[in-house]
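One structure is given here, and the rest of the page talks about it.
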Amino acid sequence: STQSKAFCAGGLAPGWNLLVQGHADSGEDRFETNFLLETGDIAFHIKPRFSSATVVGNAFQGGRWGPEQVSSIFPLAPGEPFEIEVSWDAEHFHVYAPEHKVLQFPRHQRPLGAITRVRVLSDHGLAQVELAKRGLSWGDQGY
């Protein structure tokens with residue numbers, strides 16, 4: 001499996017977003033994105049599940065997982081390239097795929113500045129993991 005990390009020394013900033021591009025080589029369930037706090041807790045965990053064609057959002061805090069949020073909008077297909085964007089605002093993380101809003105997940109008042117790493121784990125080919133300050137490619141179009 002491949003692993004890609006993006007570091008943001010001062011923590012996440014408003015107006016930035018994460019772009020993950022890759023190729024879903026098979027229907028394996030090994031693809032996840034984690035926004036990590038300095039403590040090692042996971043502020044936001046995104047995991048597409050091929051087996052159920054769902055995307056799950058969750059957070060890991062104080063040694064345990066919270067309640068899952070499950071979306072039936074599934075933007076990956078085996079053998080196809082994929083693109084996922086994640087943005088954030090004062091209240092939520094937002095997950096987008098081309099022409100779809102996939103998931104919205106509450107930020108639970110965690111300060112953005114405490115989220116200092118993003119880690120993507122994948123059995124698939126990852127073409128790009130990019131943390132950048134720019135407009136979303138398709139997220140702002142009112143989906």
| task | Decide if the gap between the ring center of Phe31 and the ring center of Phe50 is smaller than 6.0 angstrom. | result | no

| Stepwise, does the side-chain contact (heavy atoms from CB on, under 4.5 Å) test hold for Val55 with Ile46? | CA-CA 7 Å; Val55 178; Ile46 312 161; 3.8 Å; yes

| message | Which Ile, Leu, Val, Met, Phe, Trp or Tyr residues join Val56 in one cluster when any pair of side-chain heavy atoms under 4.5 Å counts as a link? | response | Val70

| field | Nearest heavy atoms of Phe74 and Pro48, plus distance in Å | value | CE1-CB, 3.7 Å

| task | Not counting sequence neighbours, which residues clear side-chain hydrogen bond (donor to acceptor under 3.5 Å, both in side chains) with Glu68? List them please. | result | Arg49

| Under a 4.5 Å cut-off applied to non-hydrogen side-chain atoms, are Glu32 and His45 in contact? | yes

| Does Val120 share a hydrophobic cluster with Val95, counting links as ILVMFWY side-chain heavy atoms below 4.5 Å and allowing steps through other members? | yes

| said: Hydrophobic clustering (ILVMFWY, side-chain heavy atoms < 4.5 Å, transitive) - are Val118 and Phe60 grouped together? | reply: no

| Pairwise side-chain contact, Phe93 with Ser87, heavy-atom cut-off 4.5 Å (strictly under) | no

| field | All pairs passing side-chain hydrogen bond (donor to acceptor under 3.5 Å, both in side chains) where residues 56-65 contributes a residue, at least two apart | value | Gln61-Arg110

| said: Please enumerate all residues that pass side-chain contact (heavy atoms from CB on, under 4.5 Å) together with Pro106, with sequence neighbours excluded. | reply: Gln69, His92, His108

| request: State, to 0.1 Å, how close Leu37 and Arg117 come at their nearest heavy-atom pair, and which atoms those are. | output: O-NH2, 4.3 Å

| request: Compare all side-chain heavy atoms of Val102 with those of Pro75 and state whether any distance is below 4.5 angstrom. | output: yes

| message | Can you list everything that forms a side-chain contact (heavy atoms from CB on, under 4.5 Å) with Ser72? Sequence neighbours excluded, please. | response | none

| query | Is the backbone N or O of Glu91 less than 3.5 Å from a side-chain atom of Asp89, with the two atoms forming a donor-acceptor pair by type? | reply | yes

| request: Just do the side-chain contact (heavy atoms from CB on, under 4.5 Å) check on Leu19 and Ile84 with the steps written out, would you? | output: CA-CA 6 Å; Leu19 174 68; Ile84 292 172; over 6 Å; no

| said: If you take the centroid of each ring, where Trp contributes its six-membered ring, are Trp88 and Phe44 closer together than 6.0 Å? | reply: no

| query | Phe35 versus Val86: any side-chain heavy-atom pair under 4.5 Å? | reply | yes

| query | Are Val20 and Phe105 co-members of a hydrophobic cluster defined by side-chain heavy atoms under 4.5 Å apart? | reply | yes

| field | Heavy-atom closest contact (Asp41 atom, Gly62 atom, distance) | value | OD2-N, 3.3 Å

| field | Ser71: partners by side-chain hydrogen bond (donor to acceptor under 3.5 Å, both in side chains), with sequence neighbours left out | value | none

| Same cluster for Ile115 and Val129 if Ile/Leu/Val/Met/Phe/Trp/Tyr side chains link at under 4.5 Å? | yes

